[in-house]
Amino acid sequence: MDDVFADMHAAVFDTLAHQATLEGQPVRAIPTYNVELVGEFGQVVERRTTLSFLKSEVPNIKRGQAVTFNSKSYKVDQTNKEDEHVIEVFVK
């Protein structure tokens, strides 16, 4: 069953991902723009960009690593969400 999900994620990345670099190495990433961070009282405190990576391609992503995407340079900030196949990180 796990292979089915791995194949599904690979197909999604084949279709939606863009080329990026992580610490100078080519990778694929799916962006999400204007992700709202909500404060203690329900107010939007910030809008951020996230990048999603296949964990099979980027198994050890860490805070502070340099990412280039769409000709812009970012740094990995923190993990937003993660499962067995995909990790989504906030970038600054």
Side-chain angles (χ1 to χ4, degrees):
M1 182 83 156
D2 193 44
D3 291 337
V4 172
F5 290 107
D7 292 345
M8 177 195 68
H9 283 93
V12 168
F13 271 75
D14 287 345
T15 304
L16 300 176
H18 301 271
Q19 290 300 311
T21 62
L22 178 66
E23 293 292 307
Q25 299 298 313
V27 294
R28 297 182 298 167
I30 298 174
T32 305
Y33 299 101
N34 297 314
V35 175
E36 294 180 343
L37 298 177
V38 179
E40 181 178 357
F41 302 106
Q43 77 282 17
V44 174
V45 294
E46 189 176 7
R47 287 185 174 83
R48 301 276 301 274
T49 296
T50 66
L51 295 176
S52 296
F53 300 94
L54 281 175
K55 289 177 73 174
S56 61
E57 295 178 4
V58 182
N60 296 311
I61 195 165
K62 294 181 176 73
R63 185 178 190 152
Q65 288 183 307
V67 179
T68 303
F69 182 80
N70 279 350
S71 302
K72 293 182 181 177
S73 295
Y74 299 96
K75 294 278 186 186
V76 173
D77 184 32
Q78 64 189 43
T79 300
N80 184 35
K81 54 188 167 185
E82 178 177 6
D83 63 25
E84 293 178 40
H85 302 285
V86 177
I87 184 166
E88 181 181 68
V89 296
F90 285 108
V91 294
K92 284 187 170 181

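Since this is a predicted model, take the numbers as computed values, not measurements.
For Thr49, the side chain to side chain contact (heavy atoms under 4.5 Å, CB included) criterion is met by Tyr33, Val91, not counting sequence neighbours. Listed by chain and residue number, Val35, Thr50, Glu88 satisfy the side chain to side chain contact (heavy atoms under 4.5 Å, CB included) test with Thr32 (two or more places apart in sequence, or in another chain). With sequence neighbours excluded, the residues that form a side-chain hydrogen bond (donor to acceptor under 3.5 Å, both in side chains) with Glu82 are Lys55. Under the rule for a side chain to side chain contact (heavy atoms under 4.5 Å, CB included), the partners of Leu37 that lie at least two apart in sequence or sit in another chain are Val45, Glu46, Arg48, Phe90.
Counting only residues at least two apart or in different chains, salt bridge (charged side-chain N to carboxylate O under 4.0 Å, His left out) contacts with residues 29-39 comprise Glu36-Arg47. Pairs passing the salt bridge (charged side-chain N to carboxylate O under 4.0 Å, His left out) check and including a residue from residues 8-18, sequence neighbours excluded, read Asp14-Arg28.
Shortest non-hydrogen contact noted between Gly64 and Lys75 is O-CD, 3.2 Å. When every heavy atom of Ala29 is checked against every heavy atom of Phe53, the shortest pair comes out as CB-CE2, 3.7 Å.
Linking ILVMFWY side-chain heavy atoms closer than 4.5 Å, directly or via other members, places Val89 and Ile30 in two distinct hydrophobic clusters. Leu22 and Leu54 are not part of a single hydrophobic cluster, where members link through side-chain heavy atoms under 4.5 Å apart. By the criterion of side-chain heavy atoms lying less than 4.5 angstrom apart, applied directly or through intervening Ile, Leu, Val, Met, Phe, Trp or Tyr residues, Val27 is grouped together with Val76 in one hydrophobic cluster.
Taking 4.5 Å as the limit, every side-chain heavy atom of Glu84 sits out of range of all side-chain heavy atoms of Phe5. Side-chain atoms of Val12 and Val86, non-hydrogen and from C-beta on, never get closer than 4.5 Å to each other.
A donor-acceptor distance shorter than 3.5 angstrom exists from the side chain of Arg63 to the backbone of Asp77, with no hydrogens or angles considered.
The aromatic rings of His18 and Phe69 stand perpendicular to each other, their planes meeting at an angle above 60°, with 30° marking the opposite boundary.
To the nearest 0.5 Å, atom CD of residue Glu23 and atom OG1 of residue Thr68 are 9.5 Å apart.
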